[in-house]
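Have a look at the structure below before the remarks.
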Amino acid sequence: MADAQTATHAPTITRREDYRAPDWRVPEIALDFDLDPASTRVRATLWVERNGVHDAPLRLDGDGLTPASVRVDGADFADWSMDGPALLIPLGGSAHTIETEVVIAPERNTQLQGLYASQGMLCTQCEAEGFRRITFFPDRPDVLSRYKVRMTADKARFPVLLANGDPIAQGDGEDGTHWAEWHDPFPKPSYLFALVAGDLVANRGTFTTMSGRDVALGIWVRAPDLAKTDHALHALKLSMAWDEKVYGREYDLDVFNIVAVDDFNFGAMENKGLNVFNSRYILADPDTATDYDYDAIAAVVAHEYFHNWSGNRITCRDWFQLSLKEGFTVFRDQGFSADQGSAAVKRIEDVRGLRASQFPEDAGPLAHPIRPDEYIEIGNFYTATIYNKGAEVIRMMATILGPEKFRAATDLYFERFDGTAATCEDFVQSMEEGGGVDLTQFRRWYSQAGTPRVSATLAQEGGRARLSLRQSVPPTPGQPVKEPMVLPLKLRLFGAITGRALCEEQLILLDRPEHEVVFENLPETPVLSINRGFSAPVIVETNRTAQDLAFLSAHDDDPFARYEAMQQLMLDTLVASVANGAADHGAVIDAVRNTLGDARMDPAFIAEAVLLPSEAFIGDQMAVVDPEAIFRAREALRADLGRALEGEWRAAYEGAAAERFEYSPAAKGARRISSVALGYIAAGGAADAAELAFAQFERADNMTDRHAALTTLANGVSPLREAALEAFYKRYAGNGLVLDKWFQTQALSSRDDTAQVVEGLVNHPDFTLANPNRARALIGAFSVNQRAFHDISGRGYRFVADQMIALDRLNPQTAAKLIPPLGRWKRFDAARAAKMRAELERIVAAPGLSKDMFEQASKSLD
Ligand code: B3K
Ligand code: ZN
């Protein structure tokens, strides 16, 4: 049965400028759990201390809790009151002991926040404000406490009892119960609290830290999944070693446990010493996980591990500072992943992700700075802006400082703020002091939303060239006028005839609206390579011709810039094709042929470089998005590329065939180029394309190849499509993570009947909104299938809105994350915009709507 809904009410807005230090601190807390899915008793003892001179009562946050008893300093206490969901206790002295008792029902917790049940186990998720669903507490990140936890549970059902910190004691109780005690010596905010109880087994390992301490590692899963945990354990050890080497950060407890859970609202959670993960970011074997999954697992394991310092040892003063831990930790995990394989390919993937999710956010109704000024529901601010733009902002500071100074500055930050709840300002000051730079103007990255635009015009006059740079930041909700930003732009000139570099790479800090750079004594016509490595997260417009872009795509020495030149050439061609109904594809075909034939390049890079921009990204370049025209233009270019280069695609496809599965950068690159080649062979209409794909589907010894073949078939009209979908479904019946792929592949299909197929799939026996991965695999994927979702009939909008309203009743946090595609109505024609708005209005009017959905949907209407 579902939770009671948060009643629709006038939303309370929390503002950054209203921050006040807590009235009461809680240096120690002891928690005692009688765990049972239907009814769990939670006894909490809080040692509280008055903070400063005031007469404010102790205010303990709660959410859906009723106190069964309240005691103060050992005696029953009747003078408490409720202020909405919070418990108020008037106290006279400067220090008191508070005991409360509540009863909660984990198996009825469909929100998956607080203590909940998943597949027979009990687990917690507290960030951001889930702890208040477990017990009464000042649930804010600047209240740091030492935790002692005791858990009692039925021993047969829950033989393993885990919590934060170190295990202290355990024993058997009466009636088949047992108990365990865990103590965490590091003071932490409540959002980092965790416990897990279940019938679990561990893949165990050891890591010896740089000071020679042994840490016992455990990846905990249900028994049948044990064989799929080696990759995660290996990634954990690599992460621990990497953080020592690159940031000088050593792990601090004697144990580090990770638990995989099937029902989870997002990727994973960095609870101190006890990370809880969505099982999709732990479980992998070649038969069930793609290379993408393997990479994502390593990245998320690293991310959560790195939080031990950037997040746990130094936490956030308040939730407006979220990017302090998230932006920095994403930057750190990106560095880790770059060091495991091709740094260039990693950068391309990260920029593609930024453009797919963060740029549209910055250009839409939900735009916010990386340090927001206000929120209704903090759960809505775990966004691409906070995470990914936040990481770009750290990257720019690292670029400005250079590697040695950046390391000195992070050392300073870790040393100075260890054990505290810090702010973004603390971080920037550490960068200034450690790096010896002035970041006064740079701080605008923390306060201004919107993606800056740079126009770069290169004009040649004999042996001189004049580069005129201009910047502007578009208006965003609540911020009509913007100040100039500091934009670190890496640039270099190449000779158009010889291809030689005409100067060293330069780092220009563009901090004014306009700036000019003059290059002298140029021996030949220069071509501009700019924003190399994507040194600033901006949109760059240049006066480069198709010829210049084709030239750079072959000659630039910065792989990211090569990729970028090809993307721009493709984009210009596609945008022209949408505008005119057709375009000359010759330049793109030639450039792709050159790249495919460049034996010096890494196949993994080539595979990225020859991919066309997504339909959504093409739409982002247009004043009014025309989904059908974009789809047709892109398909036409794909078909032409497929036909014109059929020989090259077949050579690439055959050349990449491997004897046996191996997880290595080279083997991954080979699989990547082969699946891209297969897609082009099919797009070109080759008569044997479906047979080729089906043969690959049947022969594959790994999920990457099998899934690539399935995707190609799922986009086509061959009867082999049904056969492959059915075989895939049967082979993986019962494997939830792989079935997610089965749903998602159909939701992302480019076929004409996708909307109808997806509407049917919600009635499939394996579909459920209660599992967030499944809901995202079908509903989330369909809503980013631009052509299908934006069908002019409006059926896609109606369908997704219906699903969101239903999901909101179970799990508001996951439902609210699905709003943004509907919120982009301003980017579409009047007919579509009206239909999208109508659905948003229907959502806002839905009875019992959560505040999560209310905030997202109502802001999207503005
Ligand atoms: N810190 C968590 C995210 C929590 C999301 C809460 N809505 C995972 C992470 O970023 O590492
Ligand atoms: Zn994080």
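We count ligands from 1, going down the list as the structure has it; atoms in each ligand are counted the same way.
- Of all protein heavy atoms, the one lying nearest to atom 8 (C) of ligand 1 is Ala268 O, 2.8 Å.
- Electrostatic pairing of Glu127 and Lys325 counts as a salt bridge here, judged by a charged N lying under 4.0 Å from a carboxylate O.
- Residue contact check: His307 has heavy atoms under 4.0 Å from atoms 9 (C), 10 (O), 11 (O) of ligand 1.
- Taking a cutoff of 4.0 Å between a charged side-chain nitrogen and a carboxylate oxygen, Arg347 and Glu392 qualify as a salt bridge.
- Residue Lys817 has no nitrogen or oxygen atom sitting less than 3.5 Å from a nitrogen or oxygen atom of ligand 1, judged on distance alone.
- At a threshold of 4.5 Å between non-hydrogen side-chain atoms, the residues Ile29 and Arg146 do not count as touching.
- Ring geometry for Phe137 versus Phe131: interplanar angle over 60°, hence perpendicular rather than tilted (30 to 60°).
- For the pair Lys188 and Tyr147, the distance from NZ or CZ to the six-membered ring centre is under 6.0 Å and the angle to the ring normal is within 45 degrees.
- Close approach to Gln813 involves these atoms of ligand 1, each under 4.0 Å from a residue heavy atom: 7 (N).
- Set against the non-hydrogen atoms of Lys325, the atoms of ligand 1 under 4.0 Å away are 1 (N).
- The backbone N or O of Gln113 lies less than 3.5 Å from a partner atom in the side chain of Arg133, making a donor-acceptor pair.
- Using a 4.0 Å cut-off between charged side-chain N and carboxylate O, Asp411 and Arg249 make a salt bridge.
- In the vicinity of Glu270, heavy-atom distances shorter than 4.0 Å reach the ligand 1 atoms 1 (N), 2 (C), 8 (C), 9 (C), 11 (O).
- Using a 4.0 Å cut-off to heavy atoms of Glu304, the atoms of ligand 1 that qualify are 8 (C), 9 (C), 11 (O).
- Between Lys272 and Asp184 there is no salt bridge, since no side-chain N of the basic residue sits under 4.0 Å from a carboxylate O of the acidic one.
- Which parts of ligand 1 touch Met269 is read off a 4.0 Å heavy-atom cut-off, strictly below it: atoms 1 (N), 2 (C).
- Relative ring orientation between Phe328 and Phe331 is described as parallel, the plane-to-plane angle staying below 30° on a 0-90° scale split at 30° and 60°.
- Looking only at protein heavy atoms, the nearest one to atom 5 (C) of ligand 1 is Phe266 CZ, 3.2 Å.
- Using a 4.0 Å cut-off between charged nitrogen and carboxylate oxygen, Asp426 and Arg416 do not count as a salt-bridge pair.
- Shown here are the protein N/O/S atoms lying under 2.8 Å from the Zn ion (ligand 2), water excluded: His303 NE2, His307 NE2, Glu326 OE1.
- A cation-pi arrangement is present between Arg332 and Tyr247, with the terminal nitrogen or guanidinium carbon under 6.0 Å from the aromatic centre and inside a 45° cone about the axis.
- Every N/O-N/O distance between Tyr382 and ligand 1 stays at or above 3.5 Å.
- Using a 4.0 Å cut-off between charged side-chain N and carboxylate O, Asp293 and Lys741 make a salt bridge.
- Among all protein heavy atoms, the one lying closest to atom 1 (N) of ligand 1 is Glu127 OE1, 2.6 Å.
- Atom 10 (O) of ligand 1 has as its closest protein heavy atom Tyr387 OH, 2.4 Å.
- The N/O atoms of Gln125, backbone and side chain alike, include none that comes under 3.5 Å of an N/O atom in ligand 1.
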